[in-house]
Amino acid sequence: MSEKVVCVTGGSGYIASWLVKLLLQRGYTVRASVRDPSDPKKTEHLRALDGASEKLHLFKADLLEECVFDTAIAGCVGVFHVASPVLFDPTDFQSELIEPAVEGTLNVLRSCAKASTVTRVVVTSSLASVMNTGKPLSPDVVIDETWFSNPDYCMKNKLWYILSKTLAEEAAWKFSKENRLDLVMINPGTVIGPLLQPTLNFGCTLIYNLINGSTTFPNSVIPWIHVKDVAMAHVLAYEIGIVWLKKSLII
């Protein structure tokens, strides 16, 4: 077992594609999950990455399929769970958002708990799971790790995506504590920047619509962040934690 084998879920997505790229650049062997490995629209940009032919392995996975991540995660030292649906107007919010976000996260974490090799799990959450409490954000408010979006507030206001991220994060923290998993959560704002995959993500779509003459724009403050910074935050969240863990074990 190589000590630099890691798993990335949702590997064909916007953030995950950049994460795969950075991990390959840093010498990791990457096992990345995609819904359909035979679909060139989902995989061509990944296979074209430097080092992909030698160190990238794609596997098919559905978030709701129990134990589907067991084989891919077995032998990995790190796991990056990025896969989660991004929909803001679902037909059925329970089946399209809540179930894949929450149960998908738990499926990945169950596989991590089975694998004795996993040293740290990094999960992609969102500011959505932090800031939507219904309370005003006055200048004296400090948002820290004690903040979570209020599920009742989300339900009342039909904030289904925000609800999915909130419930998924709560489930992840609960499972990690009960199963003694070393878990780190990344909470980015609206992600923008260069695309590796051939389709626009939500953040870039907002910018694209403005450039192409959209007549309306949300009357709100949007926290933007560059996709490369988000991807690097995932890498460093794993690497710095492992360095600290090794030093603490030596001491």
Side-chain angles (χ1 to χ4, degrees), residues 1-63 68-84 86 104-105 108-109 111-112 115 117-126 182-188 191-201 203-204 225-246:
M1 189 267 302
S2 168
E3 51 175 53
K4 296 198 72 171
V5 179
V6 295
C7 178
V8 177
T9 69
S12 62
Y14 182 46
I15 296 172
S17 293
W18 274 100
L19 177 55
V20 170
K21 180 182 175 73
L22 292 182
L23 290 167
L24 290 173
Q25 287 177 347
R26 296 167 90 87
Y28 288 90
T29 294
V30 181
R31 300 173 182 171
S33 75
V34 293
R35 290 183 185 178
D36 184 2
S38 64
D39 183 355
K41 292 181 180 179
K42 297 292 185 181
T43 62
E44 198 171 65
H45 67 286
L46 295 175
R47 298 185 193 278
L49 294 173
D50 289 344
S53 59
E54 299 85 17
K55 292 198 170 187
L56 177 62
H57 306 281
L58 302 179
F59 67 95
K60 183 176 181 178
D62 185 317
L63 284 172
V68 72
F69 293 96
D70 285 3
T71 302
I73 289 176
C76 288
V77 291
V79 174
F80 300 87
H81 177 44
V82 190
S84 192
V86 181
T105 296
V108 172
L109 294 182
S111 296
C112 293
T117 54
V118 175
T119 54
R120 168 162 284 193
V121 184
V122 181
V123 174
T124 311
S125 187
S126 169
D182 184 5
L183 178 71
V184 176
M185 202 70 61
I186 305 292
N187 298 81
V191 185
I192 56 174
L195 301 164
L196 293 178
Q197 86 282 9
T199 55
L200 286 175
N201 73 310
C204 291
I225 186 166
H226 199 286
V227 65
K228 292 183 183 179
D229 292 332
V230 177
M232 183 56 74
H234 284 69
V235 175
L236 295 180
Y238 171 74
E239 291 184 345
I240 293 173
I242 298 307
V243 170
W244 176 86
L245 178 62
K246 288 181 178 178

Kindly indicate whether the side chain of L24, heavy atoms from C-beta on, has any atom under 4.5 Å from the side chain of E54.
-> no

Grab the two heavy atoms, one from H234 and one from I186, that are nearest each other, plus how far apart they are.
-> CE1-CG2, 3.7 Å

Taken to the nearest 0.5 Å, the spacing of L46 CG from L196 CG works out to 8.0 Å

Verdict with reasoning, M185 to N187, per side-chain contact (heavy atoms from CB on, under 4.5 Å) | CA-CA 6 Å; M185 202 70 61; N187 298 81; 3.8 Å; yes

Of all the heavy-atom pairs spanning A231 and L22, show the shortest one and how long it is.
-> CB-CD1, 3.6 Å

Residues two or more places apart in sequence or in another chain: which of them pass side-chain contact (heavy atoms from CB on, under 4.5 Å) with A61?
-> S33, F59, V68, F69

Return the set of residues passing side-chain hydrogen bond (donor to acceptor under 3.5 Å, both in side chains) with S17 (not counting sequence neighbours), or none when no residue passes.
-> H45

Between V230 and W18, is a side-chain contact (heavy atoms from CB on, under 4.5 Å) present by the stated rule, with each step listed?
-> CA-CA 9 Å; V230 177; W18 274 100; over 6 Å; no

Is a side-chain N or O of T117 found less than 3.5 angstrom from the main chain of C76, in a donor-acceptor match?
-> yes

Would you indicate whether the side-chain heavy atoms of K55 and Y28 approach each other to under 4.5 Å?
-> no

List the steps, then state whether side-chain hydrogen bond (donor to acceptor under 3.5 Å, both in side chains) holds for D70 with S111.
-> CA-CA 5 Å; D70 285 3; S111 296; 2.6 Å; yes

Specify the closest pair of heavy atoms between P188 and V191, including all atoms of both residues, with the distance to one decimal.
-> CB-CG2, 4.2 Å

For P194 against K228, the heavy-atom pair lying closest together = CG-CE, 4.3 Å

Only one of I73, T29, V77 passes side-chain contact (heavy atoms from CB on, under 4.5 Å) with C7; say which it is.
-> I73

Out of curiosity, H226 NE2 to I192 CD1, how far, rounded to the nearest 0.5 Å?
-> 7.0 Å

V184 versus Y238: any side-chain heavy-atom pair under 4.5 Å?
-> no

Listed once per pair and sorted, the salt bridge (Lys or Arg N to Asp or Glu O under 4.0 Å) pairs that draw on residues 13-41, sequence neighbours left out = R26-E239

Spacing of S38 atom OG and L58 atom CG [to the nearest 0.5 Å] = 11.0 Å

With a 4.5 Å limit on heavy-atom distance, are the side chains of V79 and V122 in contact?
-> no

Rounded to the nearest 0.5 Å, the CD1 atom of I225 sits from the CG atom of D229 at a distance of 5.5 Å

Only one of L23, V108, V30, V121 passes side-chain contact (heavy atoms from CB on, under 4.5 Å) with F80, and that residue is L23

In chain order, what residues pass the side-chain contact (heavy atoms from CB on, under 4.5 Å) check against S84, with sequence neighbours excluded?
-> A101, K165

Are any non-hydrogen side-chain atoms of L183 and V123 less than 4.5 angstrom apart?
-> yes

Trace of the side-chain hydrogen bond (donor to acceptor under 3.5 Å, both in side chains) decision for H81 with T124 = CA-CA 6 Å; H81 177 44; T124 311; over 6 Å; no

By side-chain contact (heavy atoms from CB on, under 4.5 Å), which residues pair with E44, not counting sequence neighbours?
-> P40

Sequence neighbours excluded, which residues qualify as side-chain contact (heavy atoms from CB on, under 4.5 Å) partners of A74?
-> none

List the atom of V8, the atom of A16, and the distance in Å for their closest heavy-atom pair.
-> CG1-CB, 4.0 Å

Shortest non-hydrogen pair, A32 vs L56, comes out as CB-CD1, 4.1 Å

